[in-house]
Each structure stands twice: as C-alpha cells, then as structure tokens.
Number of protein chains: 2
Amino acid sequence: MKTVTMADVAKQANVSKSTVSQYLNKRYDYMGEKTKARIEQAIKELGYQPNIVARSLKQKSTKTIGVIVANILHNFSTEVSRAIEDVCHKADFHTIICNADDDPDKEKKYIEMLRAKQVDGLIIFPTGNNRDLYRKMLDQNYPVVFVDRSVPDIPISSIMLENEKASELAVDYFAKKGHERIAMITTPMNENVSSRVERLEGYQRALQSHGLDVREDYMRSIDPDQVEGILEEMLALDQPPQAILAGNDLILKEVLTFSKLHHFKIGEDLSVIGIDDVPYASFYSPSITTIAQPTFKMGKMAGELLLDKINKKSTADQRPDYHFEPTLMVRESVKDNKED
Amino acid sequence: MKTVTMADVAKQANVSKSTVSQYLNKRYDYMGEKTKARIEQAIKELGYQPNIVARSLKQKSTKTIGVIVANILHNFSTEVSRAIEDVCHKADFHTIICNADDDPDKEKKYIEMLRAKQVDGLIIFPTGNNRDLYRKMLDQNYPVVFVDRSVPDIPISSIMLENEKASELAVDYFAKKGHERIAMITTPMNENVSSRVERLEGYQRALQSHGLDVREDYMRSIDPDQVEGILEEMLALDQPPQAILAGNDLILKEVLTFSKLHHFKIGEDLSVIGIDDVPYASFYSPSITTIAQPTFKMGKMAGELLLDKINKKSTADQRPDYHFEPTLMVRESVKDNKED
DNA sequence: CTGAAAGCGCTTACAG
DNA sequence: CTGAAAGCGCTTACAG
C-alpha cells in the first residue's frame with residue numbers, strides 16, 4: 001500500500017506541489033487550462049487521495065466536531081445526535097459521537113481525547129461533574145455547547161427542553177381526565193444536572209395549581225432497575241396512584257414491563273404518560289400518551305450554535321440558554337375518569 | 001486560545017523536544033529521574049495536551065477505524081456498532097460511525113472521506129453496489145471487514161448471521177404450533193446483498209421440508225411504507241396467511257402498526273415472528289416472539305478481525321465468511337393452534 | 001542519558 | 001500564471 005502523495009502528482013503533471021495544492025483547493029484564478037487538465041489527469045492516473053491529516057495539521061482545523069452524550073441509551077441522545085450530524089454534514093463538518101455512560105470520568109476522558117484529536121468544537125450533554133474542565137474550556141475560549149442540561153455557574157449556553165412545562169403538560173392532562181392521585185418516577189437526581197430537577201419541580205407545581213396533594217410517597221428518583229420494586233410499593237398503598245408520569249424513556253420502559261408482569265392494564269387500571277416520545281409509542285397496545293421533545297430542532301440549534309462559535313470565534317454566549325417547547329402527544333394510555 | 005506545543009514544554013523543562021517526546025511515549029529506558037520530574041512539572045504548569053493530528057501524520061496511523069452501516073435505522077446496526085466500539089476502545093482505537101442510508105453514493109463518499117482521514121481500517125455493512133471500490137481496497141491491501149452481508153466475487157470476509165437458519169427457526173416454530181399458511185415480508189432484494197436473499201431461501205426451504213406450499217402471494221419484498229397495503233391484500237385472500245414472518249425490525253414495526261389499526265389481535269387472529277430481537281419485544285402486549293442475532297458477538301468478531309488485519313498487516317482473509325447462529329426467543333405472539 | 005536534524009504530507013505567503 | 005521555501009507539531013533514527 002504505497003501511498004500516492006501530492007509530490008507524486010506534481011512530478012507526474014510536471015508542476016510544483018504548490019500548484020497541485022491550488023488546484024485541489026479550487027483556486028483556479030490564474031491557473032492555465034492546460035495545467036489544470038494535466039493535474040486532473042495525473043490525479044486520475046495515480047488514484048491520488050489527499051491526506052486530510054496533513055491538511056488539518058497545517059490549517060489547524062479538522063472540520064470535525066465532537067458530541068459527547070451523557071447516555072446513549074436515551075432515545076433523546078440518538079435523535080439529537082442525528083440532527084446535529086445533519087447540520088454539520090451540510091456545513092462540511094464531520095461528527096464524532098461518544099458515550100459518557102453517565103460517568104464523569106469517561107466524560108473527562110472523551111473531552112481530552114477529542115481535544116487531542118483537534119476537533120474544532122464540542123457539543124456536550126454534561127454529566128455535570130467536570131466543572132473544572134468545563135471552566136477551563138470556557139477560559140480558553142474553546143467552542144462548546146451544552147445540550148439537555150445546564151450546569152450551575154458555568155455560563156455555557158445549553159439547548160434544553162422547558163422541563164417544568166413538560167411535567168405540567170402531563171399533570172394537566174391527567175387532571176383534565178379526572179385523575180387526582182398522580183405519581184412521578186424519575187432517574188436519580190444530581191444537583192449539577194438541571195433537567196431532572198426541573199421536571200420534578202414542574203410536577204409539584206402543577207399538582208398544586210390543581211389543588212392536588214404533593215405526596216412524598218408518590219415522588220421517586222431511582223435507577224431503572226428499581227422501578228419494579230417501587231411500583232409494587234406504590235400500588236400497595238392505601239391510596240395507590242391512578243396515574244404515573246415516567247420521567248424519561250428508560251423509566252417508561254420499566255413501568256410498561258411492570259404492568260405487563262403484574263397484569264395492570266395500561267389506560268384502564270393505571271394511566272401512564274412518558275416524557276420522551278418513544279418510537280414504539282404509536283403502535284404499542286394501548287398506544288402511549290407522551291410528552292415529545294422537539295429533538296430535531298434542538299439538535300439543529302445545537303449544531304448551528306456550535307458552528308457559529310467555531311466560525312465567528314465569538315465563543316462568548318449572547319444569551320444563557322435556549323428553551324424548547326414540549327408537546328403533548330395524546331394517545332390511549334390515560335383513562336378518562338370523567339366519562340362515567 | 002494559544003496552543004501549547006511540545007516545544008514550549010521542552011523550553012520550560014530545559015530539555016529538547018526529543019526528550020519530551022520520549023517521555024510522552026513512556027520510553028523511560030535511559031531517562032534521568034530529575035529530567036522526568038521536570039518534564040512532568042512543565043506539562044502540568046503549561047496544561048500541555050499533545051496534538052494527535054501531528055503524531056498521526058508522522059506515524060502514519062490514526063489509531064482510528066471507520067464503521068459504515070448500511071442503515072442506522074436498523075437496530076442491528078446500532079447494537080453491532082456498540083460492540084465494535086467496545087473492542088476498539090479496549091485496544092485504544094477510536095471509532096467513527098457513518099450511515100450510508102442504503103445509498104451506494106453515500107457509501108462511496110464515506111469510504112473516501114474516511115480514507116482521506118487516514119483511518120487505519122474500515123468495517124462496512126455493504127450496500128453491495130460499490131464493487132469497484134471494494135475491489136480497489138482489496139487490491140491495495142487496505143484492511144476491511146464486511147458485516148451482515150457478503151458481496152459476490154469480492155473475497156473480503158464478512159461477519160454474518162446464518163440467515164437461512166433464521167428463517168427456518170421461525171417457520172419450524174410456526175409449523176410446530178400448527179400453522180400451515182405462513183407468509184414472509186422482507187425489504188426489497190438486491191442481488192448484491194446476500195442476507196435478504198438467504199432469508200427468503202431459508203423460508204422457502206423450510207416450508208418445503210414441512211410439506212407446505214410455497215405461494216408467491218405469501219412472499220413479498222417491499223419497502224416498509226408499503227407493508228400496510230400488502231397486508232390488506234394478503235389478508236383479503238381466500239386463504240389468508242395465519243402467520244407472518246417479518247424479515248427485519250422495520251417490517252415488524254409495520255406489521256404491528258397494521259394489526260393495531262385494523263384490530264387484528266397478534267397471537268390470536270394473526271401470529272407473528274420478527275427477525276431481530278427488537279428492544280420492546282419483551283414488554284410489548286403480547287410480547288413478540290423473535291429470532292435474535294448475536295449482535296454483541298458479531299460486533300466483537302468484526303472488531304477483532306479488523307484489528308488483526310491492521311496489526312498483522314495480513315489483510316488476506318484466511319476463510320471466507322463467519323456465520324453466527326440465530327436464536328429463537330419464544331414469547332407470546334404465535335398462537336398455539338394445536339391446543340384445541 | 002540527551003539533542004540536532006530530517007521528515008510525515010500538506011498549505012500559504014511571497015517572489016518572479 | 002507557477003515555483004521555492006518555510007512551517008504545522010510531532011517522531012525517530014543517529015550521534016555523542
């Protein structure tokens with residue numbers, strides 16, 4: 001596999017490397033037609049492929065960005081990533097996606113790795129626990145955009161859902177359908193991660209606005225694998241909840257598994273709404289009412305914002321965060337208690 | 001963002017660049033303890049991060065591989081990719097994943113892009129329609145491994161499912177449960193893509209071995225968005241099928257959507273098996289009987305094989321293809337016609 | 001035990 | 001209109 005280099009092309013075409021380089025970069029301004037033709041010919045004959053690594057070294061730009069998602073298992077992450085890829089692709093940027101697996105150490109490793117690879121900027125779904133690193137990048141004026149969560153005291157713009165609104169939409173809908181005992185289950189809280197906290201706050205506030213009790217035993221923040229146990233507990237209460245708000249897709253999955261296992265009929269024995277519009281929501285039986293995030297728009301925004309920072313070198317953020325509106329997708333998993 | 005380079009570290013530590021480089025590459029053999037300490041100190045003070053791009057240029061290795069999946073929408077692709085990533089990660093290789101979107105032109109573009117980026121090897125779920133390119137890489141002795149499909153006359157090893165066996169398992173199980181009219185729906189055939197053809201062949205052969213008719217009107221290869229129409233046709237036949245084998249996850253999804261829409265009860269009015277163990281199979285109602293591919297093993301094998309080729313430079317393939325066994329995951333979506 | 005020098009394959013002023 | 005030269009930030013024989 002002897003590699004063909006620009007020097008080979010130059011020799012073959014009887015011009016200098018500079019001229020070949022000009023040609024490749026389409027700076028034809030003053031290039032003779034015959035020269036052009038000869039170079040083209042030589043490139044074809046030799047099967048020359050430019051070495052982007054060499055170019056990147058010289059230009060100090062790899063035309064590549066990195067995306068570090070907190071946890072690739074969330075549907076949200078993959079959907080947003082694909083939108084980011086779309087935007088970057090159109091701008092001739094490549095995208096490298098890494099999965100921090102909710103582990104700050106992995107996140108750190110990936111940030112360092114990607115920066116060593118000279119990516120031109122980073123989109124991070126932050127674990128929240130690498131504050132020093134985040135700050136360092138900020139200080140260095142390195143282009144970064146956050147997604148899904150903001151980090152207290154780190155003024156890097158974040159592309160987020162209106163999380164409180166998401167819970168409100170769900171609770172409002174439950175209430176409208178005559179539910180009074182509404183529980184919420186989310187994944188564990190991390191004080192450095194805004195979104196989960198906000199969803200819980202929205203849930204509480206919405207309950208209050210409907211004059212419903214906020215009960216500690218209806219509010220649980222736990223790992224997905226503990227959902228089954230928790231649901232058993234909840235549903236064995238004197239006053240079991242009539243409705244469950246699942247804080248994200250992983251929790252929803254566990255709720256559905258539980259109800260199948262224990263023969264609770266969703267939409268009859270138990271009403272359910274999930275935050276995140278999971279792919280199977282529409283063809284599940286019964287179909288699942290969800291709160292959808294505008295993942296495509298959010299990813300697009302994140303990509304555009306980062307590319308702006310990269311191009312304009314104005315990495316300072318004009319505004320703190322970008323909040324996107326959630327949408328209620330009404331389907332069949334909420335019983336209508338008002339009907340009878 | 002003035003970047004700190006090796007030269008800066010060298011100056012600060014009062015040694016030469018060479019020595020710093022040795023240090024970074026852990027060639028301590030003859031290095032004085034105090035030198036080591038001074039370098040370490042300088043690196044910390046300056047916050048030096050090596051530039052991998054420069055290293056790659058010199059070493060002619062990026063320690064990165066590319067993965068080009070035919071269509072990222074298939075669950076199979078993402079699962080295999082993650083296994084590949086795991087293996088590479090352990091070997092200190094990075095992974096760049098691209099989606100050809102079933103489009104040979106995109107595939108071509110990505111192959112060229114990744115090679116221009118000097119990735120050390122490629123794992124491809126081939127569209128099958130870039131034969132010249134595949135052959136060129138083979139001729140150049142460039143490390144490549146195929147996944148999911150082999151390409152006729154291109155002796156590049158492929159990591160594949162025993163596709164015929166997959167269909168056989170499904171048909172055998174349908175037959176065992178007393179079904180006689182068994183249909184199969186797959187995505188469109190491409191003569192250059194082995195797996196879909198093999199699945200259909202396995203289906204036909206299995207029918208014959210059970211003495212069942214092979215009917216043209218029970219065998220359809222169509223785009224997912226046409227499944228609804230086709231199912232309407234099939235189920236309006238004088239002798240409608242009792243069972244449907246969905247050739248992959250996208251088809252399965254359409255079958256489920258159809259049955260929901262038209263109120264066919266899966267596992268009662270219509271039995272279903274899907275090839276690919278979709279994530280929601282176990283908690284769907286009814287849970288879905290599937291044929292699982294050992295995606296993790298397959299990805300691991302693909303990664304290991306590629307890394308072998310990269311390291312040993314023996315890119316010639318010892319054996320043609322690697323076939324992995326499918327597994328029947330018995331759940332509830334097949335009716336037992338023998339019971340009554 | 002450490003340093004000077006060449007070179008990886010490009011790009012980019014600058015000169016002519 | 002085109003070429004010679006320097007340089008991007010590393011690594012690696014080789015010399016001492």
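Residue numbers start from 1 in every chain, and the chains themselves are labelled A, B, ... in the order their sequence lines are given, proteins ahead of strands.
Checking B/Thr64 against A/Lys117 by side-chain atom types alone, a donor-acceptor pair falls below 3.5 Å. In this structure, a donor-acceptor pair under 3.5 Å is absent between the side chains of A/Ser158 and A/Asp321. Counting only N and O atoms by type, the side chains of B/Glu107 and B/Thr127 include a donor and acceptor under 3.5 Å apart.
Annotation: cation-pi geometry satisfied between B/Arg115 and B/Tyr142 (NZ/CZ under 6.0 angstrom from ring centroid, within 45° of ring axis).
Closest to the A/Thr5 side chain, of the nucleotides C/dC1, C/dT11, C/dC10, is C/dC10. For B/Lys58, counting side-chain heavy atoms from C-beta on, the closest listed nucleotide (D/dT2, D/dC10, C/dC10) is D/dC10. When the nucleotides D/dT2, C/dT2, C/dA4 are ranked by their closest atom to the side chain of B/Ser18, C/dA4 comes out on top. Ranking D/dC10, C/dG3, D/dG3 by closeness to the B/Lys17 side chain, first place goes to D/dC10. Considering only side-chain atoms of B/Leu57, the nucleotide from C/dG9, C/dG3, C/dC10 that sits closest is C/dG9. Listed candidates were C/dT11, D/dT11, C/dG9. Nearest to the side chain of A/Asn51 is C/dG9.
Ring orientation note: the planes of B/His89 and A/Tyr110 are tilted relative to one another, at an angle of 30° to 60°.
Between B/Ala54 and B/Ser16, the residue anchored nearer the 5' end of DNA chain C, judged by the nucleotide with its closest heavy atom, is B/Ser16. Residue B/Asn14 is the one, among A/Val20 and B/Asn14, whose nearest nucleotide of DNA chain C lies closer to the 5' end (criterion: closest heavy atom).
Taking atom CD of A/Gln22 as the reference point, atom P of D/dG3 lies 10 Å away to the nearest angstrom. In this structure, NZ of B/Lys60 is placed 14 Å from P of D/dA13, rounded to the nearest angstrom. For the pair B/Gln49 CD and D/dG9 C1', the computed distance is 14 Å after rounding to whole Å. The nearest whole Å value for the distance from the CD1 atom in A/Ile39 to the C1' atom in D/dG3 is 12 Å. Rounded to an integer number of Å, the gap from A/Gln118 CD to D/dG9 P is 9 Å. Look at CZ on B/Arg55: it is 18 Å from C1' on C/dG9, rounded to the nearest Å. We find that CG of A/Leu24 is positioned 14 Å from C1' of C/dT12, with the value rounded to whole Å.
Nucleic acid contact class of B/Ser56 (heavy atoms, under 4.0 Å, all strands): none.
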